[in-house]
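Quick note on labels: first sequence line is chain A, next is B, and so on, each numbered from 1.
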Amino acid sequence: MTYDFNLGWLLNLVCYLPLIGALLTMFFIKKENSAAVKWFATLITGLDFIIAIPLWLLYQPDGAEFQFATVKQWIPSVGVQYIFGVDGFAILLILLTTLLGFISVYSSFTAVTEREKEYYIFLLLLQTGMLGVFCSLDFILFYVFWEVMLVPMYFLIGVWGGPRKLYAAIKFFLYTLVGSVLMLVGILALYFFNGSGLAAVGLAGLGNALTFEVPVLYEIASQIPPELQFWVFLAFFVGFAIKVPMFPFHTWLPDAHVEAPTAGSVILAGVLLKMGTYGFIRFSLPLLPDATVKAVWWVGVLAVIAIIYGALVAMAQKDMKKLVAYSSVSHMGFVMIGMFALNQAGLKGSILQMINHGISTGALFLLVGIVYERRHNRMIAEYGGLAKVMPLYATFFMIITMSSIGLPTLNGFIGEFTILIGVFHHSWVWALFAATGIVLGAGYMLWLYQRVFFGEITNEKNKGLTDLNLREQWTLIPLIILAFWIGLYPKPFFRLMEPTVDRVLARVQVAMPEETAADYVAAIAAPTHHDETVEE
Amino acid sequence: MDFIVSHFAQIVFYTLAVLTVAGGVGVIALRNPVHAALSLLWTFLMVAALFVLRHAEFLAAVQVLVYAGGIMVLFLFVIMLVNVRGLTPDTVYLSQLAPLAIVAGVLIGALLAVVFSLGVLAAGSHDATALQQVDGLVVGNTEAVGMVLYTKYLVPFEVVSVVLLVAMIGAIIFGRRDAALVRGAGEAER
Amino acid sequence: MPLAEFVPFLPEIFLAAAGFALLLVGIPLRPHGTRVVSALAVTSLAITAVLVLLVGRPTEGAFTILGEMLVIDQMAVFVKLLVLAASAISILMAAGYLERSGYGGGEFCSLVLYATVGMFVMVSGANLASMYVGLELMALSVYVLVGYFKLEVKSNEGAVKYFVLGALSSGILLYGISLVYGTTGTLDLQSIHDRLAAVPDNNLALLLGIVLVAFGMLFKVAAVPFHVWTPDAYEGAPTPVTAFMSVAPKAAAFAMFLRLFAGAFAPEVDYWRVVLWVASAATMIYGNIAALTQDNVKRMLAYSSIAHAGYALMGLVAANVMGTWSVLLYMLVYAFMNLGAFGFVILLESRGYTGEAITDYAGLARSHPAAAALMLWFMLALAGIPPTAGFMGKLYLFAAAVNGGYVVLTLIAVVMSAVSLYYYFRIVVQMYLRDEEAARPAEMHRDRWVEAMIALCAVATLVVGIYPTPVVQWLSALQLM
Amino acid sequence: MISATHYVVLSLVLLSLGVIGVMLRRNFITVLLSLELIFNAVNLNLIAFSFRLGDLAGQVLAIFVITVAAAEAAIGLGLIIALVRLKDTVALDEVDEMRG
Amino acid sequence: MKFYDLIWLVPLFPLLGAAFNGFVSNRRGLSKGVTHTVALLGSGLAWLWGWAAVIQWYLQEDIHHPYVVRVYEWITGGSVRILDGSLVDVTIDAAFQIDPLSAVMVGFVSFVGFLIHVYSVGYMHDESDRAYARYFSYLNLFMFSMLVLVLGSNLPVLFVGWEGVGLCSYLLIGFYFEKLWCASAGMKAFIVNRIGDFGFLLAIFAAFAVFGTVEYTDMFGAAAAHPEHYTTAATVIGLLLFVGAIGKSAQIPLYVWLPDAMAGPTPVSALIHAATMVTAGVYMVARCNIFYRISPTAMLVVAIIGGLTAVFSATIGLAQNDIKKVLAYSTVSQLGYMFLAAGVGAFIVAIFHVVTHAFFKACLFLGSGSVIHACGGEQDMRKMGGLRKYMPTTYWTFLAATIAIAGIVPFAGFFSKDEILAKAFAAGYGNLNDHGTVYALLWLLAVAGAFLTAFYMFRLVHMTFHGEFRGGEEAEHHLHESPRTMTLPLQILGVLSIVGGFIGFPGYLFGHPEWNKIEQFMEPILLPLGHGEHGAEHAQHVGLGLEFGLIVLSLAVAGFGIWLATRYYAGEKAFVMPRSLAERFPFAYKMLLNKYWVDELYDATVVSGTVGLARLLWDVDARVVDGAVNGTRHATVGSSFLSGIFDLRVVDGAVNLIAKIYDVASHQFRRLQVGFTQGYAMVMVFGAAVLLIVFLVSF
């Protein structure tokens, strides 16, 4: 039982509400009446978050794989369908998206002062695009949303960004576009292999009906010949790795983050990066098990590099936003390595870590944005001693810092811990290197905190800074609450993602030899290991 | 003598061919456009003769009338028109000779290489009579051509007439002096 | 032959007559009656459309008329309607422009109509002879149209270049036809196909003929290396003409290309495919990359249209059913998005050549938000970003190519379409992100007709992008030969 | 015995001459003349083949070619007139305002 | 009702207090009264409830079976395939465990903690209201974390407390964050600890990989059942754990943070950096004793590190003039003793020393605190002296604690330290795990350490309390005894450091082993190993005579130390001898004064190394990874782009490189468009030729 069509309209509503909001704003609200624009956008996004919550409550873990589904013919002659549907994993990301969407709108009231109407319209469009990506189960539909979402982001960076906005915007756009078009080729290859076949690699197809329906393609995953899997995996990899971003493809991230307006950075870090990892878990792993298992080593190494490299580079930054940006490279490295440990703990951890990263890094960008708004300067050297003038701000910043460096009882720890357990059972060497990321993480984050908040106030301009106002507090408090919630009682989140994890792993397992997991760690207790197994 | 008789066709063909080519060379070689035009006229006539050799009498006639009669006159007229303004460029050729020679060489080489494989042309009936017959009974080539032209090839024929109309319109548009339009007027408007 | 046989030929006859009538009507009331003439022209085009539908719609499968000179099938109907739409839109866009320029509209309209007749014959030609004359009719009309602003140096120059090169290419085409005729012994497409299908022939003369014909067609669709005329002709021609010739003749030429190569010469595909492969790749790369640094919008769109020809060629290279209809679909999509973009250029063109420099677009998002939004939409479409029709068109072309096994070609295409985004977005950047240095944003003409047409194109681009099903179903049903 | 091949060779020579002429001559008029050479080459082919095949289609097509050639000549000459009016020249290489 | 079923309330009270002070008092700036009432309530309730629970548990339950209270399922990480190939669920409960060890720890932690809260009320009274609230919320938060640490029933929960105390120590060291060096000290502490945690985390994963669980009872049960299977595993886990301990308990090579940690308020130093937090490492080692008992290697390493640290830091202590620095180094060295004890298998003794040390060291620190308080923040002993007559209470309590640490019978320190020495000797004597010689050497070190301890502690006392005041006139006027809230804890702790040792009275010397209450009580934490004795069981006793001999020896050593100190630093000839020594061995003196330049060494290597690497990589990122920048930049100068996008290219990329290529290509391509007709004809014909060639070649 793949689909459960119950309440399908709800999912569609969640996805398209922001679009409707954008259209209404476009046609019915005057450009001059900025207050109305702001509050309407806030209303829409808040409403969107609220109606997204039932998805979680009504989701049945032991029900159909994809629930709240809608399946309609779209372009029957080529087998393109309109398929919406979510599992726990997608629901988590949808909730994250809607929440961050709301927060980023709400946090922009004073940050954005010009061309406000367009700004909020773009934010709303962006949200529909992102939600669509998480909802669609037809490759073409997925691709459509995947691309659509680029455009508003491009404008958010390009119009409301910093000094090098044009450069950053086009770089972001081109980077991602190249990745995604390659992905498109991979999609087509799968599509034809399922159907008529591929003269390209001299492959006869399976002769099934031509379709882009992902769950159907899941069925044929095991029959796809390895070399085809390899190429398709490569195509997907480029597409997703650029979004994540994996180590060699990360260079667009600092520019985009630094130049983007605060809300843009929040969305970028909070949601857009997750699309890459989402793609891996939703498509690469289950569709191409063989290639995945073969790729494990390489991806693992890249991820380790990303973790350490990102952390070290972050340490050298002089610009707060850049620092946070590179820290995301490091954190997403954790997500990837956990994912490719290919066991439950690793996968669960990496999914949870996606959420955590969304919360922590999102909050960090908000926080940086708050001082930026006051001082219009992001240079760390400009600050120092803020703890004296902005105690509350300092407190929030401290909490988020701790969550980002993985202090127990906060969200970051749970993610990293689970990931590392999984990774350790895949390869203790990876775990060894990955764990250094925790030390370095503490290094750069605390150093940042030190330089920004401690010591005397050296810079005259900082003397007059005002502490957080109520609105700013309320943009942060939800995230902090979430951080503690996940840190103290992550069980609901884990439970929500369990079905997905099991299915994905079940689909990858076909390509995995038994016992693989054990061999890696055998090194530890090599001499005694075997007779022990004999005994038990 | 009997050699001439027995090889009459060859002799005639080669003679005409040489003359045609000579005319063609003249077209691209002669400095003065008028001379070039005249040598083109010469070529036309030779080609017409070759048509006759291939039992295309009607076509030969058309060639002479339309080309030699119509087009050449037009050309000469225009040349005169231009010449009085003394506009013949002083240098005749463009400088880029060398590469072009190469290109032409490559082109011709390739094509000739092809032509030698022409031995395997689709088998055809060699009876010229087919070119003079209308469903069985022999009439002249003219009638035969006319028959085909006005029945089977009616559509292209009509279209060609439209082509000529368009050409006329074009010529008028380009040739006509417009009182309404002063040079750059459009520019001023645009 | 019985008069009844002429009935399916009515649309062409009517158009030709209408063209002549317009000529006569146009002469007395030029240049002031331009709008009237245009209106008449569009009406006659509409009537023709009805006729085409009456003639073509009820038929299932193809049938030939008038001594197998013409064939009426769904493909012909589709392309004819497309061409009619394109011509109508260009005429409506041209009206105000011609009025302003002082050149009358009479000859313009009739020439567009004659060109349309030529294209009709091209797309439904069943015989090399008829196809050739159709082609020439179209070509000659367009030569004249390009040089229509005979007092503009650029216009004349464009015409001269286009004419000389066009004549050269049609000579080459003819030579190819003659070789094909000599080797297959017939001019009739169907029988050519049958003979080649009966005995797949590797006679070099025949193949050479086919390749030369391919050259001629490549020239008409402006593919590398026969693209050279395009930028200058497009830049020189009056903008409405550019809009027209970048769309309608291209569509017709592709239709003829399909009839010849996916139809008649299909049995020889393994021989000629390589030529088209190279041409397609080169065209995509050259068009996109050369467009990157163009600062004149018309010229940039010219290069972009070269690039699009390259994409469309992929369908021919793939030479499978999907390839065939995806080319036609792409022509449809391309027609609307390109016409839309050019309509925008027309609106912007004021004194001299201003409105053609890319910098003239700075700050338009401020002064004319709606227009800018539409232009953005067309740019996205041309770059192939969903949910525009441009994406759908590309999608099917890529699909066809991947299916045919031309992955490398597809990779080139996808990378190049990513590159293309860059130069399309240079305009967007000017409009949206460069407002600060827009000292005086270029003022736009208020021309209801053009605006209406732009809106129409936008809607079409949206609809086809969101719900292409009807078109796709119609197209995927048709087959040639 | 004179075969079609002979004619084809001859027409090839004419074709090449025409192409070279088009590429070499500065004078627009002589360029037009060279174009006419090309069309004649084609016609030679057609006639030769039609004789060889005993099929009239070739001849008919040749007629169309001649007519079209005439039409093109007319357009070309018109362009020359306009060009002369605009730039007082018939040299094609001076028509080079647009490039790049 | 069962207090011990609600054991989780013990940490909860201080947490609530912390939350209130942090978010209410601090924000609203409530009065000090409210603040410290809440804080004291928090810690006091924790203390009461803790003791109540422990006592009740002791009376009602069998102490041989740890009593585990599961609160809820915390982490449910799905299943993984562990070492032996079986699939195990990663399920980690938030659960607390009461057993003798945690009972002892809770007992003294909550108590000392409470005392120090009381003390702080006096010590911090002249801070601003907000700072006061902040301070107490941190302090409460620390109590929470520490209690979680000692009560947790599995390693991750322990880790929660572990990190929590780390955080609090970071916050409290950096309490005066306006002083940048304080903040830096805090950061140093946190990061150095992180390095330890790195080992700890890996240990947790390794343990999970081996046992498929991290619950104490299950883990240790399994290990004890089949010791011989787990030798390797135990070594790995044990060593990794010990890395964590090294960080937290400031052992070589990670001790450097502790002396700097003295930047925090003195009560904090007393509580966190002397009495409780730093002993967490010892606690953990004792908690996981099973691994060390299984793996001789691990145990040896522990012993060596401990012994070396004990002496090493003691030597540094000799030359310090900052009163708190001296105490800090003595703390480090005492911790060394504890690890030495653990290293010779005497885990209970280690804990015993933890407790006694908690008493006297807390007392010492609080005493120094009240001294500093009196001297108006002055910490340099050279500016003190003769304080005895100004602040008697402080003096006497301080003296008691000093004697205790010096190890004079019958003070608290004597019993624990002497037992450590005895065990060490026994280990060497009984050739424990065939490492007898090493252990013997370690014993010698320990004895030397005892001497040094006695010496520098009395040096401290003499320099501070005896002789004449050297702080100058006006400072002298301010000298005064500290307020009641401060002296009361001093007195309590003083008393404890006198009598506290008797809980560990070495009864067996008199044939009454049962007199050693603590050993009896904690006996259960040493699970009996399964078949196959690994030695290192309760240290085998050497003959009684020898035992007494050892006692005498250690007393003598201590006495000698005291005598020497008195001779050098008291009376009329004070400071003469040291100076001459310093002049005669200037290098040695400098070396000690500068703590062997270890900090400088680290700065030179680790710190700057990392930062340098970071900078380097950043360059790499900016230049290489992101493309052949400068090349492209210089090449692009004068590129004909109108659009601003590419003007903005500064430092960047692969992307830019490609873009540049396209740029060049574009301009090259455009040159094909020569402009005059025949040129185009040429291009066409050339192209046609190329295509023809391609065609013919492919034919």
Shortest non-hydrogen pair, B:Ala56 vs D:Gln59, comes out as CB-NE2, 3.5 Å

If every non-hydrogen atom of B:Ile28 is compared with every non-hydrogen atom of D:Ser34, which pair is closest and at what distance?
->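 In this case the closest contact between B:Ile28 and D:Ser34 is CG2-OG, 4.2 Å.
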
Based on non-hydrogen pairs under 4.5 Å, which of [options] is most in contact with chain B?
options	value
D:Ile75, D:Val60, D:Leu44, D:Leu33	D:Leu33
D:Leu79, D:Leu83, D:Val31	D:Leu79
D:Thr30, D:Ile81, D:Ile66	D:Ile66
D:Ala71, D:Ala62, D:Ala74	D:Ala71
D:Asn40, D:Ile80, D:Leu92, D:Val68	D:Asn40

Can you tell me which portion of [X] sits under 4.5 Å from chain B's heavy atoms? Options are side chain, backbone, both or neither.
X	value
D:Leu10	side chain
D:Leu14	side chain
D:Ile63	both
D:Ala41	neither

Can you tell me which of [options] forms the most heavy-atom pairs within a distance under 4.5 Å of chain D?
options	value
B:Tyr153, B:Tyr14, B:Phe75, B:Phe58	B:Phe75
B:Leu50, B:Leu53, B:Val62, B:Leu74	B:Leu50
B:Ser39, B:Ala171, B:Gly175	B:Gly175

Return a table of donor-acceptor pairs under 3.5 angstrom between the side chains of residues 156-170 of chain B and protein atoms on other chains or two or more places apart.
residue, atom, partner, partner atom, Å
B:Ser161, OG, B:Glu158, O, 2.2

Could you check whether the rings of B:Phe13 and D:His6 sit parallel, tilted or perpendicular, using 30° and 60° as the cut-offs?
-> perpendicular

Given the rule in the side-chain contact (heavy atoms from CB on, under 4.5 Å) test, do B:Leu40 and D:Leu37 qualify, once you have shown the distances and angles that lead to the verdict?
-> CA-CA 8 Å; B:Leu40 180 64; D:Leu37 269 183; 3.9 Å; yes

Atom [atom1] in [X], atom [atom2] in [Y]: separation rounded to 0.5 Å?
X	Y	atom1	atom2	value
D:Phe39	B:Phe44	CZ	CZ	10.5 Å
D:Asn43	B:Gln63	CG	CD	6.5 Å
D:Glu72	B:Ile71	CD	CD1	10.0 Å

Compare all side-chain heavy atoms of B:Val21 with those of D:Leu17 and state whether any distance is below 4.5 angstrom.
-> yes

Any side-chain heavy-atom pair from D:Phe64 and B:Leu149 closer than 4.5 angstrom?
-> yes

Go through the atoms of B:Val66 and report whether side chain, backbone, both or neither lie under 4.5 Å from a heavy atom of chain D.
-> side chain

When B:Val78 is tested against each of D:Leu32, D:Val90, D:Leu77 for side-chain contact (heavy atoms from CB on, under 4.5 Å), which residue passes?
->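 The residue from D:Leu32, D:Val90, D:Leu77 that satisfies side-chain contact (heavy atoms from CB on, under 4.5 Å) with B:Val78 turns out to be D:Leu77.
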
Can you tell me if B:Arg54 uses its side chain to pair, donor with acceptor, with the backbone of D:Ser50 under 3.5 Å?
->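 A pair under 3.5 Å: no.
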
